[in-house]
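Read the structure below first, then the notes.
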Amino acid sequence: MDFSEQDDSAAEKGAYTLDRRCFIVGAGEFDGFLTVLPSGKFHMEPLLGRFREKSGVTADETLAVPGEGDLLIAADGGYRYLKNMGMEPDVLLGDFDSLEAVPEHRHLIRHSPIKDDTDMALAVAYAEAEGIRTFFLYGGMGGRLDHTLANLQLLTGMARKGLKAWLIGQGLVLTAVTNGCLLFPEQARGMLSVFCQGEQARGVYEHGLKYELEDAVLTCDRALGVSNEFTGAASSIEVKDGTLLVVWDAANGLPRRELLR
């Protein structure tokens with residue numbers, strides 16, 4: 001599907017469904033969308049104009065590639081990345097300090113530069129108001145350190161509201177999980193790190209990894225969960241009370257996420 005051919009009447013009417021996913025591209029460093037090869041290995045790839053339906057690339061819950069029916073938002077300077085790939089977002093929003101000019105767009109939302117939220121956060125709020133619960137954030141790291149840190153806080157806030165969000169870029173995937181768990185397959189390789197978001201995260205379990213934790217308490221002032229390793233076994237990260245920020249190599253794709261009852 002080419003978004004440039006899409007009728008935006010549904011966007012204007014707010015006709016989004018709960019299973020629709022949102023892809024946001026910001027002004028940070030962008031190295032392509034996370035796709036999967038026929039071999040099953042994940043890699044970052046520019047899609048160049050159309051959402052690819054060949055070479056084994058499909059859009060589902062385990063693949064961070066926009067598909068038909070998904071919402072694509074350019075947050076300010078992220079518009080430049082999409083235009084360079086020949087892709088037209090459904091919505092363009094921001095204060096346009098990164099673009100230094102306001103482009104013409106069929107669905108443009110302009111914000112004052114005097115605001116409380118980043119353009120990425122405003123894009124999330126827009127999509128959330130339309131009922132979307134699953135988010136893929138690109139162009140949210142690199143560039144300005146303060147914006148990278150703001151996006152890590154954004155992940156935390158989204159997790160605490162029950163939203164599913166993945167921050168992808170620079171060869172990494174990051175997510176926050178609140179009172180839930182992440183399940184990685186035995187094929188996962190490389191490093192994985194876990195950080196406490198908030199004063200404490202209680203009931204932390206890390207199973208199937210080189211360094212395991214059992215009913216541990218993590219705090220925001222000690223990086224006890226940094227630089228763990230996959231071992232070739234199925235593995236999991238779980239927190240019973242609190243929020244964890246988890247980061248791993250994008251080549252491992254996306255784990256299954258479950259909330260605790």
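- Remark: Leu93 CG to Leu122 CG distance equals 6.5 Å, nearest 0.5 Å.
- Checked by atom type and distance alone, the side chain of Tyr81 pairs as donor or acceptor with a backbone atom of Gly28 at under 3.5 Å.
- Nearest heavy-atom pair across Ala201 and Cys196 is N-SG, 3.5 Å.
- Leu149 is connected to Ile24 through a chain of hydrophobic side-chain contacts under 4.5 Å among Ile, Leu, Val, Met, Phe, Trp and Tyr, so both are in one cluster.
- Within the 4.5 Å cutoff, no side-chain heavy atoms of Asp215 are placed close to those of Arg202.
- A heavy-atom distance below 4.5 Å is not found between the side chains of Val173 and Val247.
- With Asp70 contributing its side chain and Cys22 its backbone, the two residues share no donor-acceptor pair below 3.5 Å.
- For Asn179 (side chain) and Leu260 (main-chain N/O), no donor-acceptor pair under 3.5 Å exists by modelled atom type.
- When side chains are defined from C-beta on, Leu71 counts as touching Tyr126, because their heavy atoms get closer than 4.5 Å.
- Follow the hydrophobic side-chain contacts under 4.5 Å out from Val246 and you never reach Tyr205; the two are in separate clusters.
- Taken together through direct or relayed side-chain contacts under 4.5 Å among Ile, Leu, Val, Met, Phe, Trp and Tyr, Leu172 and Leu154 form part of one hydrophobic cluster.
- In terms of heavy-atom proximity, Ala165 sits nearest to Arg257 at O-NH2, 3.4 Å.
- The CG atom of Leu34 sits 9.0 Å away from the CZ atom of Phe136 when rounded to the nearest 0.5 Å.
- Rounding to the nearest 0.5 Å places CZ of Phe195 at 13.0 Å from SG of Cys220.
- Remark: the backbone N or O of Gly190 is not paired with any side-chain donor or acceptor of Asp249 at under 3.5 angstrom.
- Under 4.0 Å is where a charged nitrogen must lie from a carboxylate oxygen, and between Glu130 and Arg20 no such pair does.
- A continuous path of ILVMFWY side-chain contacts below 4.5 Å connects Val226 to Leu155, so both sit in one hydrophobic cluster.
- Using a 4.5 Å heavy-atom threshold, the side chains of Met141 and Glu29 count as separate.
- Shown here for Leu82 and Pro89, the closest heavy-atom pair between the two residues is CD1-CB, 3.9 Å.
- Atom CD in Glu229 sits 10.5 Å away from atom CG in Leu192 (nearest 0.5 Å).
- For Leu209 against Glu212, the heavy-atom pair with the smallest separation is O-CG, 3.5 Å.
- For the pair Met120 and Tyr138, the minimum side-chain heavy-atom distance is 4.5 Å or more.
- No donor-acceptor distance shorter than 3.5 angstrom exists from the side chain of Asp31 to the backbone of Gly169, with no hydrogens or angles considered.
- For the atom pair OG1 of Thr156 and CG of Asn151, the computed distance is 11.0 Å after rounding to the nearest 0.5 Å.
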Which donor-acceptor pairs under 3.5 Å do the side chains of residues 230-245 make with protein atoms, sequence neighbours left out?
{"unit_1": "Thr231", "atom_1": "OG1", "unit_2": "Gly208", "atom_2": "O", "d": "2.8"}
{"unit_1": "Glu238", "atom_1": "OE2", "unit_2": "Lys240", "atom_2": "NZ", "d": "2.9"}
{"unit_1": "Thr243", "atom_1": "OG1", "unit_2": "Arg160", "atom_2": "NE", "d": "3.1"}
{"unit_1": "Thr243", "atom_1": "OG1", "unit_2": "Thr178", "atom_2": "OG1", "d": "2.7"}

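- Taking both residues in full, the closest heavy atoms of Ser227 and Tyr211 are given as O-CE1, 4.0 Å, listed atom of the first, atom of the second, then distance.
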>> Using the rule given for ring pair (Phe, Tyr, Trp, His ring centres under 6.0 Å), can you reason through Phe30 versus Phe33, listing the C-alpha separation, both sets of side-chain angles and the distance that settles it, and then say yes or no?
In response: CA-CA 8 Å; Phe30 176 78; Phe33 292 98; 5.4 Å; yes

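- Glu88 is listed as a side-chain neighbour of Lys83, based on a closest heavy-atom distance under 4.5 Å.
- Annotation: side chain of Leu137 is not in contact with side chain of Ile168 (no heavy-atom distance under 4.5 Å).
- A donor and an acceptor atom, one from each side chain of Gln200 and Thr219, are nowhere located under 3.5 Å apart.
- Between the side chain of Arg21 and the backbone N or O of Ala64 there is no donor-acceptor pair closer than 3.5 Å.
- Using modelled atom types, one finds a donor on one side chain and an acceptor on the other under 3.5 Å when comparing Asn228 with Glu206.
- Closest non-hydrogen pair, Met44 versus Ala250, comes out as SD-CB, 4.3 Å.
- Between Glu258 and Leu183 the shortest side-chain heavy-atom distance falls below 4.5 Å.
- For Glu214, the CD atom counts as densely surrounded, since its 6.0 Å shell holds more than 12 non-hydrogen atoms of other residues, nucleotides or ligands.
- Rounding to the nearest 0.5 Å gives a distance of 11.0 Å between CG of Leu174 and CH2 of Trp166.
- By the 6.0 Å and 45° rule, Arg189 does not stack over the aromatic ring of Trp248.
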>> Determine whether Leu218 and Leu213 satisfy the following criterion, side chain to side chain contact (heavy atoms under 4.5 Å, CB included), listing intermediate values before the conclusion.
In response: CA-CA 10 Å; Leu218 299 187; Leu213 290 177; 4.2 Å; yes

